[in-house]
Amino acid sequence: MPDMNSLAHPQQHQFNPYTENGGTILAIAGEDFTVIAGDTRQSEGYSIQTRYAPKVFRLTDKAVLAVNGFAADGNMFVKKVRQRLEWYRHAHAKDMPLRAIARLIQTMLYARRFFPFYVYNILGGIEEDGSGAVYSFDPVGSYEREACRAAGAAQSLVQPFLDNQIYFKNQTPAQDTSHPVHLPLHSVLALVIDSFTGATERHIEVGDGLEMYVVLARGNPALQSLQDLPGAEEVTGTQAEERVFVIRRDLKKD
Amino acid sequence: MSIMELNGGSVIAMVGKDCVAIASDLRLGNQALGLSSNFQRIFPVTDRIYVGLPGLGTDVHTLWEKFRFRVNMYTIKEEREIEPETFAHLVSSTLYEHRFGPYFIEPVIAGLAKTPSGGVKPFIAATDLIGCLNFAKDFVVAGTASSKLFGMAEGLWEPDLEPEDLFETISQALMNAVDRDAYSGWGCVVHVITKDKIVTRTLKGRMD
């Protein structure tokens with residue numbers, strides 16, 4: 001039975017087309033590889049919708065895209081980017097280079113300037129010169145190439161840790177030494193796992209599973225060790241020289 | 001405008017092997033405007049207890065004077081120094097007295113408790129602004145950079161750190177956290193409390 005008193009007053013209804021689905025993504029570039037990672041929990045408020053919803057997607061054999069924010073927009077955006085990359089392949093008989101994908105993503109995001117995809121994107125992969133690269137975007141397409149970036153629910157927990165461990169911020173090298181510019185793959189993987197276990201411990205929207213995509217440049221000496229790594233699965237699409245692997249780890253489910 | 005974020009500032013405390021550390025930034029601001037780069041918000045309670053008071057600047061002083069008075073009264077009545085755990089409950093009940101009109105401070109307590117065998121036991125605690133106690137075994141954080149401090153401490157802290165390693169850990173955790181927080185920074189102060197001495201160091205950090 002409706003409350004007659006409240007019906008006497010004008011009622012306002014509004015449709016909100018956006019939701020925040022939690023989770024966190026992270027990418028780190030090495031000299032000749034890139035790691036792009038994300039947790040697999042998808043939540044809405046205090047409810048977990050699913051414990052396995054991938055946020056990291058292989059676009060080509062040298063480009064991997066991580067999307068975080070509103071999951072429906074994220075999935076649709078990845079679908080549209082993949083469609084544009086397929087058209088490029090048909091027109092030019094080759095995969096689009098990473099820096100071109102980055103610019104494509106900017107124009108696709110800015111095209112929706114006044115009804116944005118509510119998504120933070122991190123694009124990782126290998127440039128044409130064989131170097132590892134990370135591009136990070138805001139929802140309307142402002143972007144930048146960086147060595148590492150965290151985004152999403154636990155960005156504030158993870159980014160200062162990366163500043164310290166990747167950029168060696170607030171650390172002074174010993175006399176006559178210098179900090180490394182790029183870290184080796186095994187150190188990067190260890191830092192990614194530590195970042196996510198830390199974020200899982202303290203943030204309710206992070207957890208369940210971790211997916212780490214590793215993109216190796218041609219002739220990367222780490223190839224053998226990755227092929228031998230238990231639980232690492234190769235997901236390279238064609239006979240390309242770059243190789244793509246995915247490593248899955250469990251995170252706490254509480 | 002949040003009163004908890006009006007003046008800015010953050011505090012962290014960590015447990016080590018037979019030692020504890022407490023550290024804070026030195027900024028006092030009015031929202032985005034920086035006012036002071038030497039605002040001390042950590043105070044010595046006894047030879048073995050320090051308290052950090054991040055939150056509203058004016059309440060830092062009022063609350064500290066209130067604690068000082070109550071600790072002095074305790075010392076006179078009991079004819080002994082207050083223990084860290086007792087002090088934590090004093091802090092908690094003082095804040096809860098103002099349950100419906102609170103002081104805008106989230107205190108952090110670090111100290112060494114005496115054991116019956118004559119040794120010391122590290123103690124840290126934190127409360128919210130109405131005195132809900134959190135006795136953590138590893139580290140506690142508070143202030144405008146708390147989420148960044150959680151991320152740093154969760155990544156850097158490990159059990160049974162020696163005093164010098166604990167100093168490095170807490171300093172790195174604090175400095176890298178406040179560098180990502182607009183309301184905290186402008187220098188840091190770190191206190192490491194051990195059985196026979198307290199080492200206080202002022203750190204030079206980014207001044208932007």
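A note on names: the letters A, B, ... follow the listed sequences, proteins ahead of strands, and every chain is numbered from 1. The structure displayed is predicted, hence computed values, not measured ones.
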- Item | Tyr120(A) atom OH, over 12 foreign heavy atoms within 6.0 Å |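 Result for OH/Tyr120(A): open.
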- Query: Taking only heavy atoms into account, what residues of residues 190-207 of chain A are found under 4.5 Å from chain B?
  - Reply: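 Residues of residues 190-207 of chain A touching chain B at under 4.5 Å: Gly198(A), Glu201(A), Arg202(A).
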Does either side chain, that of [X] or that of [Y], offer a donor lying less than 3.5 Å from an acceptor on the other one?
X: Arg41(B); Y: Ser24(B); result: yes
X: Asp181(B); Y: Thr144(B); result: yes
X: Asn164(A); Y: Gln172(B); result: yes

- From the list Asn220(A), Leu98(A), Val244(A), Val215(A), side-chain contact (heavy atoms from CB on, under 4.5 Å) with Ile126(A) holds only for Val215(A)
- Message: Looking only at the aromatic ring of each residue, does the gap between the centers of Phe104(B) and His98(B) stay below 6.0 angstrom?
- Response: no
- Item | Atom group of Gln155(A) that falls short of 4.5 Å from chain B, counting heavy atoms | neither
